[in-house]
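Some notes on the structure that comes next.
This is a predicted model, so every value here is computed, not measured. Chain letters run A, B, ... following the sequence lines, proteins first, then strands; residues in each count from 1.
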Amino acid sequence: MAASIWLLKSEPNEFSIDDLQARGKQGEPWNGIRNFQARNFMREMSIGDIALIYHSACKTPAIVGYGTVIQTAYPDADALNPQSKYYDEKSSAGNNRWSLVDIQFSEKWSKPVTLKQLKTHPILSEMKLIKQSRLSISPVTAAEFDEILALKDS
DNA sequence: GCCAACGTTGGC
DNA sequence: GCCAACGTTGGC
């Protein structure tokens, strides 16, 4: 089966694509997702899936490159740690509500595809990212991915 | 910093 | 199980 394509948001102040690149081949645990829809998408991810990286809450929101899924969903230990800002009192070792995947850096684009471009594009303006703006992880169709790649090379 | 959108919580 | 209140996200 062909790899699926996803879009993962991150705030560059917190964790940017440069930080992901710096992690090298060990990758980064994509922790702190506390939204059920986003979590469910993570649980559908397979090794080798493409993870577009979108920078949000910054000067120019944009898709800035992509990574690859190198570890499928596993329990998020931060949910069980009262010291963590991602602690969830409703989770327990036997019933951890939250999961995460590991993402490895693949490529940073010299020409990011901006939110403005997406919003004005006939196909990309229909993306889940745009339609459901607060969702931090969303699926991307093969057709949408083609259009995104065309824009970053244009 | 404002505020619209919207997911989650909790009282009933 | 409804829905008002609340909290968070994220573009502008």
Practice problem: Classify the side-chain pair A/D88/A/S91 by whether it contains a donor and acceptor separated by less than 3.5 Å. | Solution: yes

Quiz prompt | Residues that, via side-chain heavy atoms closer than 4.5 angstrom, fall in one hydrophobic cluster with A/Y74 | solution = A/L100

Quiz item: Would you say the side chains of A/N31 and A/D78 form a donor-acceptor pair under 3.5 Å?
Solution: yes

Quiz item: A/Q37 near the nucleic acid: base, sugar-phosphate alone, or nothing, with a heavy-atom cut-off under 4.0 Å?
Solution: nothing

Practice problem: Kindly say whether the aromatic ring centers of A/W6 and A/Y66 come within a distance under 6.0 Å. | Solution: no

Quiz prompt | A/E89 vs A/N35, nearer the 5' end of DNA chain B by closest nucleotide | solution = A/N35

Practice problem: Establish, from distance only, whether the side-chain atoms of A/E11 and A/H55 form a donor-acceptor pair under 3.5 Å. | Solution: no

Quiz item: What one-letter contact string describes nucleotides 2-12 of chain C from 5' to 3', where B marks a base within less than 4.0 Å of any protein heavy atom, S marks contact via sugar-phosphate atoms alone, and - marks no contact?
Solution: -----BBBSSS

